[in-house]
Structure formats: C-alpha cells, structure tokens
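Small disclaimer: the values here were computed from a predicted structure and weren't measured.
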Amino acid sequence: VKELDDAIKRKHVKDMQKFIKIMAGLGQLDHESVKKAEKITKMEKVEESLARKKKITDTLNLLREGMHEKSLQMLRLAQTKVFELGLEHEELAQEATGFREELEREVGLVAKLKAVCDSIELNQNSAEGVQDSDLTTLRDAMEVAEKETNSLTTSDSR
C-alpha cells in the first residue's frame with residue numbers, strides 16, 4: 001500500500017497500474033488507495049485519448065490548409081504527422097498525398113525551366129552567345145512542361 005501511495009504522490013501511472021494489479025492479487029481492490037489510483041489512471045487515459053484526438057484534428061486541419069495554400073512545407077509536415085498517428089488510410093491523407101506529389105512535379109518542372117533559362121542567360125553574356133541548341137533545349141523543356149501541366153490539369157478534373 002505504501003508503494004501505491006508513493007506512486008499516487010508521484011502521479012506515476014505505470015507504477016500505479018502495477019501496484020493495482022498486485023493489490024488485486026491480494027484481494028484488496030476495495031482499498032481506498034486502489035480506488036484513488038484507478039480513478040487517476042482512468043483520468044490519465046481520458047486525457048491521453050483527448051490529446052490524441054486533438055493531434056488528429058490538428059493534423060487533418062494542417063492537411064486542409066496545406067492543400068488550400070498549395071504549401072509543400074505544410075503538406076510535408078502534415079505527412080510526417082499522418083505517419084506518426086497512423087492516419088495513412090484516411091481519405092483526406094491520401095488525397096493530400098496525391099496533391100503534394102502533383103505540387104512536387106510542378107515544382108520540378110519549374111526548376112527545370114529555370115535551369116534552362118539560367119543557362120541561356122549565361123550563354124547570352126558569353127563570347128559564343130545564345131546558340132540554336134540553347135533555344136532547342138528551351139523549346140523541348142517548354143513542351144515537356146506543357147505536356148506535364150496538361151496531364152496534371154486532366155488528372156485534377158477527374
């Protein structure tokens with residue numbers, strides 16, 4: 001009983017649970033300390049459950065906001081939390097994953113176009129100047145971007 005009372009004072013739930021089991025084995029479930037410890041452990045479970053529900057709600061809201069804002073940073077952060085909470089199979093989580101992947105493809109396309117444009121800008125200031133091959137590379141990159149953008153737009157309308 002002394003150890004149980006000590007666990008109650010320390011608010012150490014695991015120890016309380018351990019000593020409750022010991023007391024149950026001794027037929028002492030009616031003891032005042034056991035009842036007090038059971039009440040505390042039940043309240044702790046309720047608090048943990050509420051905290052988990054809040055984390056889930058916050059994560060789902062972050063997914064919604066990330067999609068609305070088209071923010072890869074928010075979506076990546078939310079994705080981490082989705083895995084931590086085991087929400088991968090939630091419809092919103094799956095939708096947000098697809099949305100994030102599309103945004104990442106778009107960012108990749110923009111990065112490729114920017115790299116080609118930067119290269120042309122550098123060549124413009126060089127002794128050789130801009131060559132036909134530079135413009136061909138730019139046209140090719142633009143065609144790829146246009147095709148990708150059209151496929152993204154088509155998949156959005158489904």
If I take atom [atom1] from residue [X] and atom [atom2] from residue [Y], how far apart are they, to the nearest 0.5 angstrom?
| X | Y | atom1 | atom2 | answer |
| --- | --- | --- | --- | --- |
| Ser133 | Leu138 | OG | CG | 11.5 Å |
| Glu90 | Leu85 | CD | CG | 10.0 Å |
| Cys117 | Leu122 | SG | CG | 11.5 Å |
| Glu106 | Leu72 | CD | CG | 9.0 Å |
| Phe19 | Lys14 | CZ | NZ | 14.0 Å |
| Asp15 | Asp6 | CG | CG | 8.0 Å |

Contact summary for [X] and [Y], nearest pair of heavy atoms:
| X | Y | answer |
| --- | --- | --- |
| Lys70 | Phe99 | CG-CZ, 3.8 Å |
| His89 | Gln94 | CA-NE2, 3.6 Å |
| Ser71 | Leu103 | N-CD1, 4.3 Å |
| Leu63 | Ala93 | CD1-CA, 3.8 Å |

*Sequence neighbours left out, what pairs pass side-chain hydrogen bond (donor to acceptor under 3.5 Å, both in side chains) with at least one residue falling in residues 52-64?*
Lys54-Asp58, Asn61-Arg64
*May I have all residue pairs that pass side-chain hydrogen bond (donor to acceptor under 3.5 Å, both in side chains) and include part of residues 35-46, sequence neighbours excluded?*
none
Is there side-chain contact between [X] and [Y], with heavy atoms separated by less than 4.5 Å?
| X | Y | answer |
| --- | --- | --- |
| Leu75 | Gln79 | no |
| Ile120 | Val116 | yes |
| Met16 | Ile40 | yes |
| Gln131 | Glu128 | yes |

Counting only heavy atoms not in [X], do more than 12 fall under 6.0 Å of its [atom1]?
| X | atom1 | answer |
| --- | --- | --- |
| Glu88 | CD | yes |
| Asn125 | CG | yes |
| Glu101 | CD | yes |

Salt bridge (charged side-chain N to carboxylate O under 4.0 Å, His left out) partners of [X], counting only residues at least two apart:
| X | result |
| --- | --- |
| Asp5 | none |
| Glu104 | Arg76, Arg100 |
| Asp118 | Lys114 |

*Name all residues meeting the side-chain contact (heavy atoms from CB on, under 4.5 Å) criterion together with His31; count only those two or more places apart in sequence or in a different chain, and write none if there are none.*
Val1, Met23, Gln28, Ser33, Val34
*What do the steps show when you test Leu92 against Met67 for side-chain contact (heavy atoms from CB on, under 4.5 Å), and what is the final call?*
CA-CA 10 Å; Leu92 180 60; Met67 289 171 52; 4.3 Å; yes
If two hydrophobic side chains count as joined below 4.5 Å and joins carry through other members, does [X] share a cluster with [Y]?
| X | Y | value |
| --- | --- | --- |
| Met74 | Val107 | no |
| Val144 | Leu113 | no |
| Ile8 | Ile22 | yes |

